[in-house]
Each structure stands twice: as C-alpha cells, then as structure tokens.
Amino acid sequence: MQDYLIDLNEQQKAAVLHTDGPLMIVAGAGSGKTKVLTTRIAHLMSLGVDAFRILALTFTNKAAAEMKERIGNILGNSEAKNLYIGTFHSVFARILRAEAQKLGYPANFTIYDTDDAKSLLKSIINARDLDDKFYKPNYVLNRISAAKNRLISPAAYLQDHNIQQEDARSNRPLMGQLYEEYTARCFKNGAMDFDDLLYKMYQLLKQFPETLAKYQHKFRYILIDEYQDTNLAQYQIIKLLAAVHENICVVGDDAQSIYSFRGATIDNIMRFQDDYEAVKVIKLEQNYRSTQSIIKVANTVISNNKRQIPKNLWTSNEVGEKIRLVRTLTDNDEGRFIADAIAEQKLRNHYANKDFAILYRTNAQSRSFEENLRRMNIAYRIYGGLSFYQRKEIKDFMAYLRLIVNPQDEEALKRIINYPARGIGKSSIERITIAANESNATFWEILQEPHRAGLKGASGAAVENFVVMIKSFQSMLGKENAYDVAYAVGKHTQIVKELYNDKSVEGLARYENIQELLNSIKEYTETPNEDGELEADKSLGSYLQQISLLTDADKDKDDDQDVVKLMTIHAAKGLEFPCVFAVGMEENIFPSVMSLYDREDLEEERRLFYVVITRARHRLWLSFSNSRYRFGSLVQNDPSRFIEEVPEEYLDRSFAGMGNKKSGYGSTLFSKGAEKDTSHKDSANSDLKKIVAQQQSASATHTPSVNFKPSDPATLEQGMKVEHQRFGYGIIQQLEGSIHNRIAIIKFENGTGEKKIMLQYAKLMVVE
DNA sequence: CTTTACCCACTTTTT
DNA sequence: GTGGGTAAAG
C-alpha cells in the first residue's frame, strides 16, 4: 500500500484523519475533493473498518466508479469492491429490491424513466377528459416530482391549503387527484419512478423500525459527495441512516449548487452545522487545477451572489492567459470560429483533441459545433442529449423485456401489445381497459381471458397468440440468462425482421441499435459481477434493474478517446479540461429565459457560470453570437450579463470586435433579414393556397343522398354506377383482390378521377 | 384495422 | 428541425 498521506496539504490531511463524528468538508472547485474522499475511505479501511460497512453516495455512476477504482489503487487489493458506493438512486434501488415486499411491491419492480412517467400521466389526464392546455404531462410530472422530493404524500398534498390554493389559482385544481391516481397506478403496475426510489426508501425506513435499525447498524461510516445538490428526501434519509453512529462526512461546495430544479436545496449544506452538535468543518481552498486568472475571474463572478459560505479560493499556479471573449454574427460563425480555434491551438500549443471541451447551456445548441468540427475533420463526441436508452426502438425492445419480468407493467404492455402490428388495435385495447377497470383486474389478467372483454374472432385470436408468446418468454426466466431471453424476443417477435427490411438510413440505424443493445446484454451476462455482496445474478430481472439507472455517460468505458467533448455545463460538473469554450453566452440562453424573474434562479445560473469557468485548467473562451436560429427562426440576443461581471483586466476582447471590421458580415446579416421577409411572404402564400385547396375539396366533397344505404359488396360488378359517401357518383372500372380483400377501381364524376376503394371498409350503394 | 400525411408544440438543466 | 398525435385514405 502506498503512503497515501504524503501528497496531501494540511486541510486535506485533516479531513482524511478526522474519521469519527460529523464532518463537513467545504471543497472549492479543483481543490482535490475526490482525492480527499477516496483517501479518507482508504484510510478507514486501513484502520480495519470493514468495507461492507462503508456507504458512499454520489450523484453519477461515473463518479462512483471512479472512486471505487481509485480506492482500489491506493489499497492495492480487491477489498474496494465490497464498498457500498453508488448513486443515491442505484444504492436505494438495490436496497428497495431486497425489501420490496414490505412495501407491497414485487422484487422485480420496474423503474419508470421520465418518458414512462409522462406517458402514464398522459393516459390519466386523457381518461379524465382534462384540458391538456393546463394539465400538461410535463408540468404535472414536475409538480408531483417536487412533492415527492419534499416528502409530501398524495394525502398530505390534498390536505395542504397553500398547495390547493396554488393549484386552484393556476387553473389546475385537480392536481392533487392526479398525484393520487398516478401513485396508485404506479403501485398497481409494480413500478417506481426516479423520485420513488428516494420517497419509498424514506417510507421504508420510517415505517419499519427494524429495517431502519438494520441499515443504521450496517452503515457505520457514511460519506456524501456533492452535498449541495441533495434534496429534502435525500437529506432526511441520510439523517435517519446516520442517526446512530453519526459518522457522517459530507463534501460539497455551495457555489456549485446547480440542481434546484430537481428539488436540491442549498439549505442542506448551509444548515449542516446546526444539525449535528459536534460537527467539524474543514475548508479546502487551494485550487490545483486552474491558472490564477481563471480563479480570480471565478471568485469575482461568484461574489455577486448574496447567499454563500465565505471562503477564499486561491492557487499557486501560474498567472496564465486572459479569458478570450469571442463575438460572432451568427450561430454558425460561432461554430466555425471555435472549430478554427481548436485547429489553431492544436498546432500552436500541441494540444490533442481530448484537451478541448465545448460547454453549452442547453443540449439543442450542439449543432453548429458538430457541423463545423466535422467540416474540419476534428473528432468529437457529444455527451448527453437523446440517450441510447431513450430511442424508440430501444424502448420498444426493452418494453418486451420489462413485460416479461413484470407483467403488471401496463405501460410496457401497452407499448408493445400491437407493435409490431398484430391486429390488436385501439378499440380492442379500449375494451380490455374497460373490462380491467370494471372487474378491478390488471390489464394482463384480462388479456388471458379475452372473452371477458368481449373479444372474439380475429382480435380474440390475436390476443391469445400474444399471450402465448409472452408466456413462452416468461417460462425461460428461471433457467435462462438475460441474453438468452432477449435473443428469443428478437427472434420470435417481428421487431428485428421489420427493422431489417427497412432499408432507409434511419431503418438501418435502428437495426444497428437493436444489435448494439443485444451485444450489451450479452456483455452483461458474460462479465462477472462487481458487487461482492450479491450473487452473480445474470437474470433478465437484475439486468433491467441496473440498466434503468444507467445513463449514456456511463455506457462508454473508453474514456480516453482522443475527441473533443461536447456537453452541457451540468454534465461537465466534476470534470476538467485544459481548454474550455463556454459558448452561447447570451441573455435568454445563459442566463436562461426561465430564470430571469427570480433572484434565487438567477443566482443558480450564476453558480452555473462559476462551474463552467472553473472547468478550465489553462485556457478559457467565452463566446456569444449576435443572432442565432432557434426553432427555425432568427432571434437576436444581447450578450450575457455575466460577461460584464468578468473583471476587465482579465478579459481579452480582441476577438469581440464589431462585425463591421470584416466586410461581408454586414451584408450577411442584411440578407438573412431579407430572407426572413420573403419566407414570411411564402408562408402567407402557402396559407392562402391551403385555404383555396380546402375550399375546392369542400366543394368536391359529396353529400350523400337521403336514401343512401350501402349495398352488399358481393353484388358489385364491373361497369356498375355506384355512389360513395364522400366521392359521389362513379363507374366501377375493374374489380380485383381476394375474396377477403376486394378492391374496386372506380372512376368518379366530379374530377377526383380514379380511386382504388377497399370494399371491406368503404360503403358503396349501387345506383344502376 | 393499418398506413400515411400533415400539424403542432416543443427547448433549460438530470437521476 | 423533430417527434408524436390525429385524421383521412386504403
């Protein structure tokens, strides 16, 4: 084992050696926070503390994996694998899986991601015939999420006067009922959403004292990373777990609290000292990452915030270069400038691609950088955005797997019951839903006896076939591993075949995605489990449990690829890069338009600005554009107010000249404006055309005669004159198709010309 | 019942 | 520019 204390400064050493009792480490950006946490855990273990009794909670799987690895390196043995290190969500999911029955959940409960939750809410809102102008699934989900993060149950929500008034005032009086029904439906489906993983964990500890005692005893040492980003639910759970030993160590930086939209409250870190009597506070103020210029700028910027723990971040690194301010006229120019700058820096200062990061406020901003990097042949990778697991084809495939493991999961069931199309349409699904509600059974139960929903004939048979197929997959669960079941799903459902036959570019990509999913499942079943505690469980159930908490960033292990990294500032937290481009520094974007009217929100944006500044080690660029396309139309934003907060002496404005220095820019702007005008004319023009077309088709639409009565399709013959309900009168030119699907080619009188009419559906009356 | 075509709302940030 | 939901056509 290395002498792990040797390269720690005094404060870091103090934090490592303070093993027992509550400890708060206020760790400035780049002050060696992760090093302290990992060394502290290694130190505990070298003192003889059993790895099984140490709990460390982080916010990303990546941070957790990194910690595990670094501890392993310090200790030089495999003991680190026994540590309970993970995100709040994954650690709690694991515990909940073991304790699920206590709460009435199946051990194989499904974890709903945001999309699943929204679609469930949508169906609840639709079923109640509510106006989706007010009850937007997104809004409703956020409201429910906020309630859960504040540990407010549906019952408490309905009883709370303030909340009720708030909802009434915003024209959403039924919010509480929606919360109640959503909760009930999730329970019935055997599903928990992300917030439930915290909320139910709290319930579990609160309702079952012996369970609480068990975990209180088990976790003798608790460490929390990014404490400034915890919400009330997380706070209360930690408080319960730590109550006996009080060996709790939290690490955080109030200046980097950027997740209030997820319910995080800066109060938790501000009040930590009041929560525990014997608390020790250690501040890590020396920054090892950045140049003096960068640190100075960061400090100045953050001092504009009112609420913060006083600290003085400093560095003994070199002064470094000024921060470069870049101004361009269009978003595409911004992308081009930065791609050029990267190429230039690579030559001039011998940087590699991986030394650069382009960081933006919103995912939608990535396009112009992608295009220009591609043009310059610079390798890049986008982190975040639409995740692999959010793609439609992946969600469809996963829905099969989810249903097999948990047939209660109605969302999964409805997603794939008719995909690929197998003749179970909207009306059949409706019948089943009604039957299920009436007899208080689950959707799946009704499916097994389709006659209870009045389904017979073709649709009844289709349902029966579907059930037989799913059951055959289920019978594999006990004996086969995750890959074998998934392979069978691929083989026996038509999904893979259908995608394979789709030769379009998108179809090919989808096919490859399914292929990739199958490969990753295979890899999962063939890799030995890391968890020392759990048996090597390679079942489909355990696969699903862990996959639903994984994000894109966790998927790629080859982190060392030589590529420029593009991601949101949020995603960049905890990372560092030699060269950072903070782009889109414009009002309404950064700070976001959503945060302009509230002091708290604005301060959070400023903390976000602080975060992006402190990602840079050597060089930092701030860029903004006079105009950019958003949504197809051109918008113009002022430079971000945050730029003005950067002290002038650290700012290099030589790239921020007005566009008039270069000829052509002015005219570009002008022609863009002109284009916009014509496009307006165009759209007005096409609107007009549409109206004309509508009127024409309206006059072409036939009003059926009073005595219209469809004739039996079997009696139709070539040459007959018939009446169609909408197309009017016509002559049958030809009849073709099989007995079951007869098609008539009819020439209509009113200029609509020849049409193929499927007799199965169309109603035709013989005139003569 | 299924497929296609158009229309609209959507953009903070994430486990 | 995009994905999902709806209406119309087959």
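Since the structure is predicted, the reported quantities are computational estimates derived from the model, not experimental observations. Every chain is numbered from 1, with letters handed out A, B, ... down the list of sequences.
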By nearest-nucleotide position on DNA chain B, the 5'-leaning member of A:G423 and A:R262 is A:G423

Where the side chain of [X] is concerned, which of [options] is the nearest nucleotide?
X: A:F261; options: B:dT13, B:dT11, B:dC10; value: B:dT13
X: A:S427; options: B:dT15, B:dC1, C:dG1; value: B:dC1
X: A:H570; options: B:dC1, B:dT14, B:dT15; value: B:dT14
X: A:A571; options: B:dT3, B:dT14, B:dC10; value: B:dT14

| How about A:F261 and A:H570: are their ring centres within less than 6.0 Å of each other? | yes

Sugar-phosphate, base or nothing in reach of [X], heavy atoms under 4.0 Å:
X: A:F590; result: nothing
X: A:N418; result: sugar-phosphate
X: A:K118; result: nothing
X: A:S459; result: nothing
X: A:K122; result: sugar-phosphate
X: A:N138; result: sugar-phosphate

When both distances are under 3.5 Å in a Watson-Crick or G-U wobble arrangement, the nucleotide paired with C:dT2 is B:dA9

When both distances are under 3.5 Å in a Watson-Crick or G-U wobble arrangement, the nucleotide paired with C:dA9 is B:dT2

What is the distance from [atom1] of [X] to [atom2] of [N], rounded to the nearest Å?
X: A:F59; N: B:dT15; atom1: CZ; atom2: C1'; value: 9 Å
X: A:K392; N: C:dT2; atom1: NZ; atom2: P; value: 17 Å
X: A:Y383; N: B:dT14; atom1: OH; atom2: C1'; value: 17 Å
X: A:N588; N: B:dT11; atom1: CG; atom2: C1'; value: 13 Å
X: A:Y360; N: B:dT11; atom1: OH; atom2: P; value: 18 Å
X: A:Y389; N: B:dT15; atom1: OH; atom2: C1'; value: 15 Å
X: A:L121; N: C:dG5; atom1: CG; atom2: P; value: 14 Å
X: A:E586; N: B:dT11; atom1: CD; atom2: P; value: 20 Å

DNA chain C nearest-nucleotide lookup for A:R415 and A:R367: closer to the 5′ end is A:R367

Has [X] got a side-chain N or O lying under 4.0 Å from the OP1 or OP2 atom of [N]?
X: A:N363; N: B:dT13; result: yes
X: A:K573; N: B:dT13; result: no
X: A:T60; N: B:dT14; result: no
X: A:T114; N: B:dT14; result: no

Going by an N to O cut-off under 4.0 Å, is there a salt bridge joining [X] and [Y]?
X: A:E226; Y: A:K573; value: yes
X: A:K200; Y: A:D195; value: no
X: A:D116; Y: A:R415; value: no

Within 45 degrees of the ring normal and closer than 6.0 Å to the centroid, is that where the cationic atom of A:K148 sits relative to A:F194?
no

The reported gap from CG in A:L120 to CG in A:D115 (rounded to nearest 0.5 angstrom) is 12.5 Å

